[in-house]
Asks: 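This is the structure I want to talk about, given as structure tokens.
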Amino acid sequence: MSHIKTSRLISYILRHNPGAYGVSLDEHGWASVEELISGVNRSRHLTRELLEYIVSSDEKGRYAFNEDKTKIRANQGHSVDVDVELEECEPPKILYHGTATKHAQSIEEKGLIPGRRLYVHLSADAEAALKVGARHGEPMVYRVDAEAMSASGYIFFRSENGVWLTKAVPPHFLIRE
Ligand code: HQG
């Protein structure tokens, strides 16, 4: 349980602010494991062993090592402009997006926008979407007509850890659950 804060810091560094911890990402989002460990150690204790445990036990599969475990990256969720070689995929007919009721008016006007991240995050599972929504306030879930979007030429990606990503969702593809 005490590793949650360390995992959050790892996410923050690998997705949003590597520079603040002396870490650099290559164009595919990879950081050197050594650099990451030293960076995290500026504010929390992290060993290679603990990092391996955090990566393998992460319930969302947020991180990946390269083959020889010298590099690590976040599988999705970046605001830093990197290309994590996402796989373009035909989406299921319906995807879900969880948000907070306070965003509903704006979402129904403008559609889903990525905000500070590179993509809008969607899930194949309404339950998972509800949990994501609850992080922002009183949760609510939108169904996304991914089949119609795909037929209209919108592109979807599926991250290594099963999150669905797309650039934006116009309001007419959204239905409140
Ligand atoms: C909202 C977690 C107003 C959007 C999850 C969300 C996810 C709008 C917030 C991943 C809007 C952005 C991403 C509009 C969208 N007007 N608000 N037009 N369009 N929004 O945190 O999707 O646990 O950047 O509904 O599992 O909540 O971190 O995105 O409420 O996969 O690994 O703007 O983060 O993964 O919030 O979460 P976020 P998100 P981790």
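Note that ligands are numbered from 1 as they come in the structure, with each ligand's atoms numbered from 1 the same way.
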Asks: With a sphere of 6.0 Å drawn around NZ of K93, does it hold more than 12 non-hydrogen atoms of other residues, nucleotides or ligands?
Replies: no
Asks: Can a side-chain donor-acceptor contact be found between Y63 and E160 if the only test is distance below 3.5 angstrom?
Replies: no
Asks: Considering only the protein, which heavy-atom contact is closest to atom 9 (C) of ligand 1, and what is its distance?
Replies: H136 CE1, 4.0 Å
Asks: For ligand 1, which atoms sit closer than 4.0 Å to a heavy atom of K60?
Replies: 2 (C), 5 (C), 23 (O), 26 (O), 35 (O), 40 (P)
Asks: Mark yes when over 12 heavy atoms from residues, nucleotides or ligands other than E138 sit less than 6.0 Å from its CD; otherwise mark no.
Replies: no
Asks: Please list, in number order, the atoms of ligand 1 under 4.0 Å from a heavy atom of R15.
Replies: 28 (O), 32 (O), 40 (P)
Asks: May I ask which of E108, H103, K110, K131 has a heavy atom nearer to atom 33 (O) of ligand 1 than the others do?
Replies: H103
Asks: By number and element, which atoms of ligand 1 are closer than 4.0 Å to a non-hydrogen atom of R135?
Replies: 2 (C), 21 (O), 23 (O), 27 (O), 28 (O), 34 (O), 37 (O), 39 (P)
Asks: Test the K167-Y119 pair against the cation-pi criterion, namely NZ or CZ under 6.0 angstrom from the six-membered ring centroid and within 45° of the ring axis.
Replies: yes
Asks: Among protein heavy atoms, which sits nearest to atom 19 (N) of ligand 1, and what does the distance come to when rounded to 0.1 Å?
Replies: I113 N, 3.0 Å
Asks: Between E52 and K69, is the closest basic N to carboxylate O distance under 4.0 Å?
Replies: yes
Asks: Which one holds for H97 and ligand 1: side chain close, backbone close, both close, or neither close, with close meaning a heavy atom under 4.0 Å?
Replies: side chain
Asks: Nearest protein heavy-atom contact for atom 38 (P) of ligand 1: which residue, which atom, what distance?
Replies: R117 NE, 3.4 Å
Asks: Which protein non-hydrogen atom lies closest to atom 18 (N) of ligand 1, naming both residue and atom, and how far is it?
Replies: G111 O, 2.8 Å
Asks: Check each atom of ligand 1 against the heavy atoms of V132 and keep those under 4.0 Å away; list them by number with element.
Replies: 5 (C), 26 (O), 27 (O), 37 (O), 39 (P)
Asks: Over all heavy atoms of both residues, which pair between S150 and E90 is shortest? Give the atoms and the distance, please.
Replies: OG-OE2, 2.7 Å
Asks: Could you tell me the residue and atom name of the protein heavy atom closest to atom 8 (C) of ligand 1, and the distance to it rounded to 0.1 Å?
Replies: I107 CG1, 3.7 Å
Asks: Could you check whether S123 and D125, counting side-chain N and O atoms only, form a donor-acceptor pair closer than 3.5 Å?
Replies: no
Asks: State, without any angle test, whether S79 and R117 hold a side-chain donor-acceptor pair at a distance under 3.5 Å.
Replies: no
Asks: Identify, by atom number and element, the atoms of ligand 1 in contact range of R62, meaning under 4.0 Å from any of its heavy atoms.
Replies: 23 (O), 32 (O), 40 (P)
Asks: More than 12 heavy atoms of other residues, nucleotides or ligands under 6.0 Å from CD of E127: is that the case?
Replies: no
Asks: Considering heavy atoms of the protein only, find what lies nearest to atom 16 (N) of ligand 1 and give residue, atom and distance to 0.1 Å.
Replies: S106 OG, 2.5 Å
Asks: For atom 31 (O) of ligand 1, which protein heavy atom lies nearest, and how many Å away is it?
Replies: H121 ND1, 3.1 Å
